[in-house]
Structures are given as structure tokens and as C-alpha cells.
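Here is the structure we will look at.
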Protein chains: 2
Amino acid sequence: MTAPGPVRIDVMDSSSTRRRATRAKLYEAAVTLIAEQGFSATTVDEIAERAGVAKGTVYYNFKSKTELFEELLRFGVGLLTASLQEAADHAAERGGTKVEALDEMIRAGLVFINRYPAFTQLYVAELWRTNRAWQSTLMVVRQQVVAVVETVLRDGVEAGELSEEIDIPLTAAALVGMVLVAALDWQAFQRERSLDDVHGALSLLLHGRVSGRRD
Amino acid sequence: MTAPGPVRIDVMDSSSTRRRATRAKLYEAAVTLIAEQGFSATTVDEIAERAGVAKGTVYYNFKSKTELFEELLRFGVGLLTASLQEAADHAAERGGTKVEALDEMIRAGLVFINRYPAFTQLYVAELWRTNRAWQSTLMVVRQQVVAVVETVLRDGVEAGELSEEIDIPLTAAALVGMVLVAALDWQAFQRERSLDDVHGALSLLLHGRVSGRRD
DNA sequence: ATTTTTGAACTGACCAGTCAGTTCAAAAAC
DNA sequence: GTTTTTGAACTGACTGGTCAGTTCAAAAAT
């Protein structure tokens, strides 16, 4: 029965399973509370209580309330960009056009917001504030999102599929904004609509079929 | 005696010139601070100081910090809708198409945001939050903005100028979002661009000339 | 003469962050 | 294989400070 070999390396792994689980619970608790109330109005006691954890645990796992928030931002935006990138790659694999890729990304964005509405809310609410502690984190994180869209636009222009007239950074920002706001509005004020309804409306705008032509 | 007196109406006039001026100073101070820091992180003392007014004056003019904020929201959105409506009417007078009217409204939106960036920031940051004291005020105020756009879209469809496919409420929300986010992004991250650049990019999207056709 | 503003003092609630102490599963010693 | 030790993870009462909102007498403005 050859002993399993004594030396257990993972002892030093600072991200033990237990710790990871605790952090995840804290993210989960913080994201909803901050989305609803804003950062300043949300207390660390509330976060701890909602996570089912003592206040001290928050400070054992994070340096401060602000740091918890910043890591939450990085974590969430990581999920979003991965999802957008995957959609773009997927469309590319299938040999679709860049407009099709954008369309897929819009859908991926909507799916994400539908699954994590609180995170999106919080992101939009904080993004354009100035002079806040986490400003630089936000800028980095915003750039990650926009860059994914910009790349697709750039490829589309190079391939001659998109108009050379378009201003890539501005168009990317506008597209992201369109999806964010339409989705938040859907979640907040038009819950009865299906994801396909929303996707359809945005797709129409993207394809420029708002004006003109009826079939 | 017993002078029943000619009922002095203006006694009840709570909006004397002086008071209006004080309130305006308080709005002005509050809007910047709250846009930068958020509602909860902004103290009444700060607002009073920035407005160059004593703290007691704040409470003489407003019932509470929350009420000051709600009135600020109503005041600001009043300006915005008036501006959008004016743009729409203006385009209509000139006998332009509805797409032209939308284009004018986009420009009016950009001009507004350019003039009152702090208000826009604050509006976007608060709009989709839930469970806050001023939630109902926000819903009313949002509806006013969206309604202006919806009306133009509806007229456009009726006139056969816009596709009957479009989903009016969703499209209106998406258009408003597109402008809001593109403009905030412009203000925050792409200051060097001119208003015309931004307007051009959005106009291209509106006219559906992103994909295809180069001249 | 009445409205509006001032400013400073006060209250009571609330909150971020700290720290001395507890828990417990795994490693080491026996 | 039983006992002891270790230390990462967690706990929650406590502290020092902050803030919204109140009060009010006196001053200024109209």
C-alpha cells in the first residue's frame, strides 16, 4: 500500500479551498448590496451578515472595504470580457461576418447582464465617477471591455466589411453603452420582455434597419 | 380696522428671488459633489460650504438632504427634456424627417451633457438602483425623458418613415443609453474629441451606415 | 415688520477598522 | 494510533471618529 508520500505541498497554498469559498460568499453578498445602495451606503457589517460571516473575517480576507470592492470589480469584469471574447471567437470560427460577431457579442452581453444584473448596475453606477479611490482600477477594467469590441470593429474595417468612416473608439463606447443601458432598462422597467425581444431591437439598430425599408 | 386686507398673495410665495438664488447655489454645489462622490458620501456640511452658505440655510430651504436631492433631479431632468423637446420641435418646424429629428435630439443630448456633465453622471449612477428613497421620483423623471424619444419614433413609424419592425420602448431606451454612455465616455476618457466627432459617430449608427457601403 | 440667513453647539445613531481571543484540522511527536 | 502542537481562519466586542438633523438667538436683507 505504498504510503501516499508524505509531503503535502498544498499546505502553503494561500488560497485554500476554505478561503476561496469565504471570498466568494463575500463577493456575492457585496455585489447585491452595493448595487442596491451604492458603495458608501453599504456597511461592512451588512456585507458580513449577508455572507453569513463575522465582520472580522472580511478584514482577514481583504485589506479594506475598498479593496474588497476593487477585487469584486476585477472579478466581475473578467467574467464579462471572457464571455464577450468567447462570443467573438465563436462567430469567427464559424466563419461569420464581423457584423455577425458583433451581433453575437450583443447577445453575450445581454446574457451576462441577465445573469448578473447587480454587477452591471454597480459597474455603470461607478464607472464615470471621478476622484474616487478605485478610479484607476475602473479605468483598466473599462478598457478591457471596450478593447474587445474595438478589435472586432477594427478587423471589420480592415476586411472592408465595415465602413471606413466609423470612429472606432467612439463607436465601441456607443455600442457598449447601448447594450448596457438597454439591458438595465429591460431589467428594471420592462421585465416582461424576453431576451430575444431585446436582442432583436438592438440587432435592428446595429444592422441599420431602423430607418427605411419594410419588407 | 380688522383689516381683512386685500389678501396678500405673495406672502405665501415661497419662491422669492432671494430664495431661488440660494436654492440654485445649493443645487449647483450638490450636483458636483454628489456626481463625484455619490449621495451617501456627500455630507450636508460639504454642500453648504461649497455653496458658500450656512448649514442652517440648507435646512431652512429643504426638508432634508434627500429632498434636496430629489428636487435637484426634477430640476435637471426638466432642463434635459425641454432641450430634447425643443430640438424635436425645431426639426419638425423645418419640415425635416423624423430621422433628422432624432439626429437633432442626439445633438441636443450631447450639448446638454457637455454643459452639465455632473448632472448626467449622477443621473446615470442612480437610475437603476432599487430600494432607494427617491426611487419613485427617478421613475417619473426617466419616463419623461424616454417619452420624448418614443413619441418621435412613433410618429416616424406612422408616417412610414421608420420600419414597423422596431420595438418602440426598447429602441427608445437603447438610443437614450447610446447617447448617455457615449457622451459620458467622451467626457471621462476622450476629452480631446469634439462634440461633432461624437455626434458624427452616433449619427452613423442611427442612420445604419456602420456596416457596408463606402462612398 | 417680516422673511431669510447665520453659525455654532448639540445629540444620538452609525460605522470602518482593530485586536485579543477561539476554533479545529492537519502535522509532528510520541 | 494516540497525544500534542501549530497556525490559518475566523470571531465579535470595542474604539475613535463622523454625520444628519435640530435648535435658536442674533443679524441681515427686503
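The analysis underlying the following values was restricted to heavy atoms, covering all of them including side chains, and did not include hydrogens, waters or symmetry mates. Naming convention: chains lettered A, B, ... in sequence-line order (proteins, then strands); numbering from 1 in each chain.
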Using the six-membered ring wherever Trp is involved, compare the ring planes of A:Phe119 and A:Tyr123 and label them parallel, tilted or perpendicular (cut-offs 30° and 60°).
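Correct class here is parallel.
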Measure the acute angle between the ring planes of A:Phe69 and A:Trp134, then classify it against the limits of 30° and 60° as parallel, tilted or perpendicular.
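Because their plane-to-plane angle is over 60°, the rings of A:Phe69 and A:Trp134 count as perpendicular.
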For D:dA9, take OP1 and OP2 only and decide whether either is under 4.0 Å from a side-chain N or O of A:Thr57.
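Answer no for this pair, as no side-chain N or O of A:Thr57 is under 4.0 Å from OP1 or OP2.
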Under 4.0 Å: is that the gap between some side-chain N or O of B:Thr22 and OP1 or OP2 of C:dT5?
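Indeed, a polar side-chain atom of B:Thr22 lies that close.
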Can a donor-acceptor pair under 3.5 Å be found between the side-chain atoms of B:Lys65 and the base atoms of D:dG21?
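Not at all, since no donor on one side and acceptor on the other fall under 3.5 Å apart.
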Kindly indicate whether the side chain of A:Lys55 and the base of C:dA16 share any N or O donor-acceptor pair separated by less than 3.5 Å?
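Donor-acceptor pair under 3.5 Å: yes.
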Spacing of [X] atom [atom1] relative to [N] atom [atom2], expressed in whole Å:
X: A:Asn61; N: D:dA9; atom1: CG; atom2: C1'; result: 8 Å
X: A:Tyr59; N: D:dA9; atom1: OH; atom2: P; result: 19 Å
X: A:Arg23; N: D:dA8; atom1: CZ; atom2: P; result: 15 Å
X: A:Leu33; N: C:dC15; atom1: CG; atom2: C1'; result: 15 Å
X: A:Phe62; N: C:dT18; atom1: CZ; atom2: P; result: 16 Å
X: B:Glu46; N: D:dA20; atom1: CD; atom2: C1'; result: 13 Å
X: A:Leu68; N: C:dG17; atom1: CG; atom2: P; result: 11 Å
X: B:Ile34; N: D:dC19; atom1: CD1; atom2: P; result: 15 Å

5'-most contact on DNA chain C: B:Gly52 or A:Gly56, nearest heavy atom basis?
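That would be B:Gly52.
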Please classify the nucleic acid contact of A:Val58 as base, sugar-phosphate, or nothing, using heavy-atom distances under 4.0 Å.
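No contact.
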Does [X] reach the main-chain N or O of [Y] with its side chain, forming a donor-acceptor pair under 3.5 Å?
X: A:Trp186; Y: A:Arg193; result: yes
X: A:Arg132; Y: B:Gln37; result: yes
X: A:Ser83; Y: A:Leu79; result: no
X: A:Gln121; Y: B:Trp128; result: yes

With the threshold set at under 4.0 Å for non-hydrogen atoms, list the residues of residues 37-44 of chain B touching DNA chain D in residue-number order.
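B:Thr42, B:Thr43, B:Val44, in order of number.
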Please give the nucleotide sitting opposite C:dT23 as a Watson-Crick or G-U wobble pair, both distances under 3.5 Å, or none.
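Paired with D:dA8.
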Paired with C:dT2 by Watson-Crick or G-U wobble geometry, both distances under 3.5 Å: which nucleotide is it?
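Per the H-bond distance test, D:dA29.
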Which residue, A:Ala54 or A:Asp45, contacts DNA chain D at a nucleotide closer to its 5' end, judged by nearest heavy atom?
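Result: A:Ala54.
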Of the nucleotides C:dT5, D:dC10, D:dG21, which one has an atom closest to the side chain of A:Tyr60?
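It is D:dC10.
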Is the closest side-chain donor-acceptor distance between B:Gln144 and B:Thr81 under 3.5 Å?
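There is no such pair between these side chains.
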Could you give the distance from CD1 (B:Ile168) to CG (B:Leu162), rounded to the nearest 0.5 Å?
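So the gap between those two atoms works out to 8.5 Å.
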